[in-house]
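First up is the structure itself, then whatever we jot down about it.
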2 protein chains.
Amino acid sequence: MQDALRRFKADIFQALAHPTRIAILEFLGEGELSAGALMEKLGMEQANVSQHLAVLRAKQLVVNRKVGNQVFYSVRDPIINKVLQLMRRYFHAHLKEAMDMLGEMEKPVAGAK
Amino acid sequence: MQDALRRFKADIFQALAHPTRIAILEFLGEGELSAGALMEKLGMEQANVSQHLAVLRAKQLVVNRKVGNQVFYSVRDPIINKVLQLMRRYFHAHLKEAMDMLGEMEKPVAGAK
DNA sequence: ATTATATATTCTAATATTATTATATACTGG
DNA sequence: CCAGTATATAATAATATTAGAATATATAAT
């Protein structure tokens with residue numbers, strides 16, 4: 001069971017582990033948005049955004065409701081926003097190292113990347 | 001910049017996105033441990049644990065100090081523990097769906113899984 | 001010096017994730 | 001019904017991550 005719980009958490013983190021999906025969640029943190037609106041804000045391909053939304057849906061991080069032609073998305077549980085908030089704090093606490101990490105982007109650590 | 005920030009966050013989440021690494025961080029949450037002790041607790045191959053530690057090190061989620069023969073690890077910033085705590089709350093809030101998700105483990109969603 | 005112990009790295013095959021392109025579905029207005 | 005708009009899915013090629021086996025390095029003990 002302990003292990004199942006960890007797999008669950010890992011799955012959620014996996015869903016969070018993409019800049020586009022983080023952007024989506026951050027935009028949705030300010031309120032409900034249609035898929036099209038998100039696409040606009042992100043400035044990305046329709047199909048790509050839709051796929052990332054599918055990932056977030058699969059892990060139930062977002063919910064959607066259909067209104068006529070459009071599909072509106074929102075974050076299911078504000079805890080997720082809190083997690084992202086914590087990450088912001090973490091980022092600021094380690095700004096310097098973070099910048100370095102972003103700069104290199106290619107440290108030759110085995111198995112890592 | 002906004003985008004760099006999101007890449008940074010995504011990278012951290014990526015590092016968290018594995019059950020073994022979550023287990024490692026949770027064990028370390030209770031206090032410093034040697035690589036060997038972790039290996040014991042996890043019941044996994046030495047090389048495998050070492051690789052996961054390398055990932056956590058690369059993202060600076062853990063720090064290590066060498067004492068003679070051994071290497072002791074600890075969590076660098078307690079914010080990470082808070083994140084894991086929040087995930088526990090999230091898990092409990094959605095226990096039922098979580099169980100379902102773990103049960104299936106193979107929903108055919110495009111781009112996902 | 002030799003052997004033993006603790007930990008890290010390299011290599012590799014299997015698997016998963018990603019962006020892109022093409023196509024499909026669903027709803028709306030005429 | 002037909003055309004148009006909004007969104008989702010499928011297929012695919014490029015890339016990344018994973019576990020496991022083999023090997024390397026560093027320290028300690030004899």
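So that the names make sense, note that chain A is the first sequence line, chain B the second, and so on, each numbered from 1. Since this is a predicted model, take the numbers as computed values, not measurements.
- Each of D:dA10, D:dT7, C:dT9 was ranked by its minimum atom distance to the side chain of A:Val71; first place goes to D:dT7.
- Each of C:dA8, D:dA8, D:dG20 was ranked by its minimum atom distance to the side chain of A:Asn64; first place goes to D:dA8.
- Side-chain contact annotation: B:Tyr73 with B:Arg57, donor-acceptor N/O pair under 3.5 Å present.
- Within 4.0 Å of B:Tyr73, counting heavy atoms only, lie sugar-phosphate atoms of the nucleic acid but no base atom.
- Computed from coordinates, the B:Leu33 CG to C:dT7 C1' distance equals 15 Å when rounded to whole Å.
- Counting to the nearest Å, the C1' atom of D:dA16 and the NE2 atom of A:His18 are 11 Å from each other.
- One interatomic measurement links the two molecules: CZ of A:Arg21 to C1' of C:dA16, which rounds to 12 Å at whole-angstrom precision.
- Summarising the geometry, the separation between CD on A:Gln70 and C1' on C:dA26 is reported as 13 Å, rounded to the nearest angstrom.
- Of the candidate nucleotides D:dA28, D:dA8, C:dT28, C:dT28 has the atom nearest to the side chain of A:Asn69.
- Of the candidate nucleotides C:dT9, D:dT9, D:dA19, C:dT9 has the atom nearest to the side chain of B:Ser50.
- Proximity note for B:Asn48 (side chain, C-beta onward) versus D:dA19, D:dT7, D:dA21: the nearest is D:dA19.
- Ranked by how close their nearest DNA chain C nucleotide is to the 5' end, B:Phe72 and A:Met44 are led by B:Phe72.
- For A:His18 and B:Arg6, the side-chain atoms include no donor-acceptor pair closer than 3.5 Å.
- In this structure, D:dA22 forms a base pair with C:dT9, meeting either the Watson-Crick or the G-U wobble geometry with both donor-acceptor distances under 3.5 Å.
- Straight-line distance from the CD1 atom of B:Ile24 to the C1' atom of C:dA8: 14 Å, rounded to whole Å.
- Crowding of B:Glu32 atom CD: a count of heavy atoms from other residues, nucleotides or ligands under 6.0 Å exceeding 12.
- Nucleotide D:dA29 forms a Watson-Crick or G-U wobble pair with C:dT2, both donor-acceptor distances falling under 3.5 Å.
- Put simply, CZ on A:Arg65 is 15 Å from P on C:dC27, counting in whole angstrom units.
- Within the nucleic acid shown, B:Ala35 comes within 4.0 Å of sugar-phosphate atoms alone, with no base atom in reach, counting heavy atoms only.
- Listed pair A:Arg57 / D:dT9 meets the phosphate criterion, a side-chain N or O lying under 4.0 Å from OP1 or OP2.
- For the pair A:Ala17 and A:Lys66, nearest-nucleotide mapping onto DNA chain C gives the more 5' position to A:Ala17.
- Between C:dT17 and A:His52, no contact under 4.0 Å exists linking OP1 or OP2 to a side-chain N or O.
- A salt bridge links B:Lys9 and A:Glu26; the closest N-O separation between the charged side-chain nitrogens and carboxylate oxygens is under 4.0 Å.
- Separating the CZ atom in A:Arg76 from the CG atom in A:Leu61 is a distance of 7.5 Å, to the nearest 0.5 Å.
- Judged by distance alone, with hydrogens and angles left aside, A:Gln46 brings no side-chain donor or acceptor close enough to the base of C:dT20 to form a pair under 3.5 Å.
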